[in-house]
Trainee: 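Sharing a structure below in structure tokens format, with a few things to ask.
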Amino acid sequence: MANIIGDVVIDIEKCKGCGVCMTGCPKGVLALSKDVNSKGYNFAMKVNADCIGCASCAMICPDGVITVYRAKE
Amino acid sequence: MSENFDRPEIRKPENLIYSRTKVLTDNIMHYCPGCGHGTAHRILAEVIDEMGIQNDTIGVAPVGCSVLAYNYLDVDMAEAAHGRAPALATAIKRLNPNKFVFTYQGDGDLAAIGTGETIHACNRGEKIVIIFINNGIYGMTGGQMAPTTLEGMKTATCPYGRDISIMGNPLKMTELVSHLKGTYYVTRQSVQTPASVRKTKAALRKAFEYQKDGKGACFVEIVSSCNSGWKMTPVQANKWMEENMFPFYELGDIKVDGELVK
């Protein structure tokens with residue numbers, strides 16, 4: 001079976017760091033950064049490469065800042 | 001910065017699974033971090049996008065946190081006086097019967113000052129979609145008690161919890177309108193998990209499809225969190241909502257095809 005890999009792109013300037021995407025991710029890919037964006041929010045970032053492109057984070061993101069890609073390896 | 005986990009090699013248009021819909025504007029929403037309004041706006045915009053009705057949709061914004069909904073939804077919008085969105089939507093729909101008309105209202109707007117307009121618009125069977133965001137509190141004005149506040153729930157104006165003997169019972173608006181003959185589709189959904197967001201989106205789609213077919217009033221309640229008003233983090237608020245709001249505000253369809261199912 002082909003291995004499915006995914007990638008998420010987070011618009012960090014629009015992210016408000018609510019952390020809801022972290023609860024939605026089944027692979028624990030996302031966490032809040034220690035850095036802040038220009039509004040002072042700790043934006044979401046990837047902490048591992050386990051993303052499967054399920055788009056759960058994008059589905060739940062209140063600000064619609066996540067773009068999801070998925071491909072077969 | 002820590003280690004980079006990007007995979008630029010798969011970021012191609014053919015691999016795109018999900019991106020922000022064009023029906024949402026590029027403005028950064030003013031809502032608090034983790035607010036359910038953002039999710040509700042997004043799935044509403046996605047439904048409009050998927051149905052290809054962006055040019056034929058007219059929305060009515062309420063008074064409350066979502067008063068600025070017209071800044072984020074790239075469709076024609078009108079702003080109603082407090083609670084009067086269903087009355088304005090009635091006029092818009094009757095003058096433009098081929099347009100898709102929806103109202104987007106919070107619980108302070110729809111269930112308090114606008115109760116009369118809501119009930120009569122539903123009872124007349126106006127062919128509009130009413131989207132009701134219920135977070136059990138007046139969010140914009142600082143977290144005061146709303147008609148939908150749960151028993152025992154603490155707010156700025158009931159700091160010891162809502163006492164039913166003095167403050168009355170929480171109002172189940174959705175059950176109320178489901179018993180009116182004019183409503184065709186009445187449902188209660190939520191937006192706190194990916195699965196519930198997908199369900200809510202399907203419900204909204206159904207409501208707009210019914211409007212296309214000229215059925216009666218469609219009423220979609222979305223139980224949402226107000227983490228600022230509830231004084232919690234967004235994740236805590238979602239958990240609190242699941243534990244406390246859902247037993248009282250039970251999720252699911254209440255009326256489908258004009259027949260009560262609950």
Side-chain angles (χ1 to χ4, degrees), chain A residues 3-35 37-73, chain B residues 1-43 45-46 72 190-201 224-225 227-228 233-239 242:
Chain A
N3 202 13
I4 291 175
I5 53 169
D7 193 17
V8 291
V9 182
I10 298 160
D11 185 346
I12 57 174
E13 270 308 308
K14 283 187 181 152
C15 177
K16 292 178 186 158
C18 64
V20 174
C21 53
M22 289 153 57
T23 64
C25 180
K27 293 284 183 183
V29 173
L30 298 164
L32 293 185
S33 163
K34 288 199 174 77
D35 300 327
N37 62 16
S38 65
K39 300 254 180 191
Y41 290 122
N42 297 90
F43 51 85
M45 59 180 278
K46 285 177 280 187
V47 290
N48 62 43
D50 295 346
C51 180
I52 50 170
C54 67
S56 290
C57 53
M59 228 354 133
I60 206 175
C61 175
D63 294 281
V65 304
I66 302 176
T67 307
V68 186
Y69 295 91
R70 182 167 60 196
K72 281 181 183 165
E73 203 166 42
Chain B
M1 286 295 282
S2 53
E3 203 183 334
N4 187 358
F5 297 104
D6 288 348
R7 288 171 176 268
E9 71 277 10
I10 68 162
R11 290 182 188 173
K12 296 175 195 156
E14 64 267 28
N15 292 337
L16 185 67
I17 296 293
Y18 188 95
S19 67
R20 189 182 165 99
T21 166
K22 292 277 174 275
V23 178
L24 281 181
T25 61
D26 281 336
N27 296 333
I28 298 176
M29 294 188 195
H30 72 281
Y31 302 120
C32 306
C35 178
H37 272 307
T39 319
H41 279 20
R42 186 166 49 75
I43 54 177
E46 283 171 11
Y72 312 126
S190 68
V191 287
Q192 90 290 8
T193 62
S196 63
V197 173
R198 287 194 170 93
K199 268 185 169 168
T200 310
K201 195 174 158 186
S224 168
S225 65
N227 48 72
S228 300
T233 66
V235 176
Q236 279 173 348
N238 281 344
K239 196 157 179 277
E242 284 177 3

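A, B, ... follow the sequence lines: proteins, then strands. Residue 1 opens every chain.
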Trainee: Chain B heavy atoms under 4.5 Å from A/V8: which part of the residue, side chain, backbone, both or neither?
Mentor: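 Backbone only.
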
Trainee: Which atoms of A/C15 come close to chain B, meaning under 4.5 Å heavy atom to heavy atom: side chain ones, backbone ones, both, or neither?
Mentor: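 Answer is neither: A/C15 stays 4.5 Å or more from chain B.
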
Trainee: Is there a donor-acceptor pair under 3.5 Å between the side chain of A/R70 and the backbone N or O of B/I10?
Mentor: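 No, the answer is negative, given that no donor and acceptor are paired below the 3.5 Å cut-off.
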
Trainee: Report the C-alpha distance between B/D26 and A/K14 in whole Å, list the side-chain angles of each, state the deciding distance to 0.1 Å, and finish with yes or no for side chain to side chain contact (heavy atoms under 4.5 Å, CB included).
Mentor: CA-CA 9 Å; B/D26 281 336; A/K14 283 187 181 152; 3.8 Å; yes

Trainee: What heavy-atom pair brings B/I17 and A/A55 nearest, and what distance separates the two atoms?
Mentor: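 Closest approach of B/I17 to A/A55, heavy atoms only: CG2-CB, 4.0 Å.
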
Trainee: Once rounded to the nearest 0.5 Å, what's the spacing between atom CE of A/M59 and atom CD1 of B/I43?
Mentor: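 These two atoms lie 8.5 Å from each other.
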
Trainee: Roughly how far, to the nearest 0.5 Å, is NZ of A/K16 from CE of B/M29?
Mentor: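 NZ of A/K16 is found 7.5 Å from CE of B/M29.
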
Trainee: Counting only non-hydrogen atoms closer than 4.5 Å, does A/T23 touch chain B with its backbone (N, CA, C, O), its side chain (CB onward), both, or neither?
Mentor: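 Contact with chain B: side chain only.
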
Trainee: Does any heavy atom of chain B fall under 4.5 Å from the side chain of A/I66, the backbone, both, or neither of them?
Mentor: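 Only the backbone of A/I66 comes within 4.5 Å of chain B.
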
Trainee: Which atom pair, heavy atoms only, marks the closest approach of A/C54 to B/R198?
Mentor: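 Heavy atoms only, the tightest pair is O-NH2, 3.7 Å.
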
Trainee: Do A/K39 and B/I28 have side chains that get closer than 4.5 Å, going by heavy atoms?
Mentor: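 The answer is yes; the side chains approach within 4.5 Å.
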
Trainee: I'd like to check A/V20 versus B/N238 (side-chain heavy atoms, cut-off strictly below 4.5 Å). Are they in contact?
Mentor: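 Yes, their side chains come closer than 4.5 Å.
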
Trainee: Testing the basics here: between B/S19 and A/T67, what is the closest heavy-atom pair and its distance to 0.1 Å?
Mentor: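 Taking B/S19 first and A/T67 second, the nearest heavy atoms are CB-CG2, 3.8 Å.
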
Trainee: Can you tell me which portion of B/R7 sits under 4.5 Å from chain A's heavy atoms? Options are side chain, backbone, both or neither.
Mentor: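 When you check distances to chain A, atoms from both the backbone and side chain of B/R7 fall under 4.5 Å.
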
Trainee: Would you call A/P62 and B/Y31 a side-chain contact if the rule is heavy atoms closer than 4.5 Å?
Mentor: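 They are not in side-chain contact.
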
Trainee: How far apart are the closest heavy atoms of B/R20 and A/D63, and which atoms are they?
Mentor: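 Residues B/R20 and A/D63, closest heavy atoms: NH1-O, 2.7 Å.
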
Trainee: Answer with side chain, backbone, both or neither: which region of B/N227 has an atom nearer than 4.5 Å to a non-hydrogen atom of chain A?
Mentor: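 For B/N227, no heavy atom lies under 4.5 Å from chain A.
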
Trainee: Measuring heavy-atom distances to chain A, does B/Q192 have an atom under 4.5 Å in its side chain, in its backbone, in both, or in neither?
Mentor: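 The backbone, not the side chain.
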
Trainee: Counting heavy-atom pairs closer than 4.5 Å to chain B, which one of A/D50, A/V47, A/D11 comes out on top?
Mentor: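 Maximum pair count with chain B is reached by A/V47.
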
Trainee: For a quick test of reading the model, state the closest non-hydrogen atom pair linking A/C18 to B/G34 and the distance between them.
Mentor: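 Between these two residues, the closest heavy atoms are CB-N, 3.2 Å.
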
Trainee: Heavy-atom pairs under 4.5 Å with chain B are the metric here; pick the option from A/S56, A/G6, A/A58, A/A49 that has the most.
Mentor: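 Maximum pair count with chain B is reached by A/A58.
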
Trainee: Measuring from atom CG of B/N4 to atom CE of A/M45, what distance do you get when rounded to the nearest 0.5 angstrom?
Mentor: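 Atom-to-atom, B/N4:CG and A/M45:CE are 9.0 Å apart.
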
Trainee: Please report the closest heavy-atom contact between A/Y69 and B/L16, naming both atoms and the distance.
Mentor: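 Minimum heavy-atom contact is CE2-CD1, 3.6 Å.
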
